[in-house]
Amino acid sequence: MSLPRAHDLIWIADRASLENAQGLPDWVSNWRPHLPLVVRRDRRDDGAIPVGIRGMTKIQRAAAWIKPEDVLRVVTPESLVADPVTLLHSRFISLQPMQALITLASLKLPWQWGVTGSCAYAMASDIPVMHAESDLDLLIRCDQPVDSIEFSAFHTRLEEMPCRVDVQITTPQGGFSLTEWLRGGEFMLKTDSGPVLITDPWSKPAV
């Protein structure tokens with residue numbers, strides 16, 4: 001199994017696998033391993049995987065680490081949109097983010113893309129953390145440099161969706177907002193070593 005990447009959802013067998021040198025909040029004692037963890041951006045020399053723990057309320061978020069050998073299952077953002085029929089049979093189909101996702105899946109976008117955020121978590125866990133007012137978070141992988149103009153028409157199309165859609169482009173260096181990139185000038189790149197301001201998201205930043 002290859003190492004999970006940022007935004008992947010992963011499952012472990014035991015809450016005891018969660019590590020945090022500063023300790024975990026009390027609510028994590030109620031967290032159950034049938035729920036997914038979200039891989040986040042961070043780095044540790046021993047190869048541990050940085051994960052985010054999501055509770056049942058918006059303020060219940062915690063960071064932890066797990067060993068690669070503790071990963072039982074991985075669900076990628078791309079896999080969640082791979083089958084349009086599955087999207088149509090989702091229990092969340094009446095919600096605006098899911099309606100937007102179904103529309104986008106029907107466009108057969110030319111990029112390697114997937115869904116993240118509350119929509120992805122709800123789809124993978126069947127837990128109703130997504131609501132009608134939720135944003136739809138998307139990820140597009142661009143390992144090779146592309147011109148921002150290739151995304152202009154797509155970005156305009158997003159404004160027609162029934163909910164707000166936030167798109168993050170990911171490169172081997174990190175992830176950045178499509179909207180910020182299209183504005184021009186410097187923008188924020190989220191890397192495993194922290195956020196940096198850049199103008200070229202495919203050049204290795206000085207961090």
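Computed from a prediction, not measured in an experiment: that's the story for all the values here.
- A salt bridge links R164 to D166: one of the charged nitrogens lies within less than 4.0 Å of a carboxylate oxygen.
- Atoms OG and CH2, on S125 and W11 in that order, are 7.5 Å from each other to the nearest 0.5 Å.
- The CG atom of N20 lies 13.5 Å from the CD1 atom of I66; values are rounded to the nearest 0.5 Å.
- Pairing each heavy atom of I127 with each of L35, the nearest pair is CG1-CD2, 3.8 Å.
- Taking OG1 from T103 and CE from M98, the interatomic distance works out to 11.5 Å, rounded to the nearest 0.5 Å.
- Both I169 and V115 sit in one connected hydrophobic cluster of ILVMFWY residues. Membership requires side-chain heavy atoms under 4.5 Å apart, directly or through other members.
- For CG of D26, the number of neighbouring non-hydrogen atoms (other residues, nucleotides, ligands) closer than 6.0 Å is 12 at most.
- Geometrically, R44 engages W65 in a cation-pi contact, judged by NZ or CZ lying under 6.0 Å from the ring centre and within 45° of the ring axis.
- In this structure the side chain of I93 reaches within 4.5 angstrom of the side chain of I102, judged on heavy atoms.
- In this structure, W202 is not a member of the same hydrophobic cluster as I149, with clusters built from ILVMFWY side-chain heavy atoms closer than 4.5 Å.
- Judged by distance alone, the side chains of R43 and S193 do bring a donor and an acceptor atom under 3.5 Å apart.
- Residue L178 holds its CG atom at 9.0 Å from OG of S148, rounded to the nearest 0.5 Å.
- Looking only at side-chain heavy atoms (C-beta outward), R157 and V165 stay at 4.5 Å or farther from each other.
- The two residues A6 and L139 make their nearest non-hydrogen contact at O-CD1, 4.3 Å.
- Counting heavy-atom neighbours within 6.0 Å of E69 CD, excluding the residue itself, gives a total above 12.
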With side-chain contact (heavy atoms from CB on, under 4.5 Å) as the criterion, how do D126 and R91 come out once you've worked through the C-alpha distance, each side chain's angles and the decisive distance to 0.1 Å?
CA-CA 8 Å; D126 216 30; R91 63 172 289 202; 2.8 Å; yes
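- The line from CD of Q168 to CD1 of I140 is 10.5 Å long, rounded to the nearest 0.5 Å.
- You'll find the side chain of L158 reaches within 4.5 Å of the side chain of L104, heavy atoms only.
- Looking only at side-chain heavy atoms (C-beta outward), R5 and D8 come within less than 4.5 Å of each other.
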After noting the C-alpha distance and the side-chain angles of L24 and L18, does the key distance pass the side-chain contact (heavy atoms from CB on, under 4.5 Å) rule?
CA-CA 9 Å; L24 291 165; L18 297 167; 4.0 Å; yes
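- Checking side-chain atoms of Q99 against main-chain N and O of L95 turns up no donor-acceptor pair under 3.5 Å.
- Between M130 and P97, the closest heavy-atom pair is SD-CB, 3.6 Å.
- Because its NZ or CZ atom is not both nearer than 6.0 Å to the ring centre of W27 and within 45° of the ring axis, R61 does not count as a cation-pi partner of that residue.
- Relative orientation of the F176 and W181 rings is perpendicular, given thresholds of 30° and 60° on the angle between their planes.
- Listed for the R15 side chain is a donor-acceptor partner under 3.5 Å among the backbone atoms of S29.
- Of all non-hydrogen atoms in L182 and S152, the two that sit nearest each other are CD2-OG, 4.3 Å.
- Nearest heavy-atom pair, T170 versus R41, reported as atom, atom and distance to 0.1 Å: CG2-NH2, 3.7 Å.
- Put simply, the side chain of L37 reaches to within 4.5 Å of the side chain of I53, judged on heavy atoms.
- Proximity of I10 to V39: side-chain heavy atoms (C-beta onward) are separated by under 4.5 Å at one or more points.
- Of all the heavy atoms in P36 and L9, the pair that sits closest is CB-CB, 4.1 Å.
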Checking side-chain contact (heavy atoms from CB on, under 4.5 Å) for the pair C142/F151: CA distance, chi angles, key distance, verdict?
CA-CA 12 Å; C142 289; F151 292 93; 3.8 Å; yes
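- Residues M123 and L101 form a side-chain contact, since some pair of their non-hydrogen atoms from C-beta on lies under 4.5 Å apart.
- Rounding to the nearest 0.5 angstrom, the gap separating the OG1 atom in T116 from the CG atom in L136 is 8.0 Å.
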Between R54 and V38, is a side-chain contact (heavy atoms from CB on, under 4.5 Å) present by the stated rule, with each step listed?
CA-CA 8 Å; R54 183 169 188 150; V38 184; 5.5 Å; no
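- Contact check for D137 versus C119: no side-chain heavy atoms found under the 4.5 Å cut-off.
- Grouping the Ile, Leu, Val, Met, Phe, Trp and Tyr side chains by contacts below 4.5 angstrom, directly or via other members, places I59 apart from V28.
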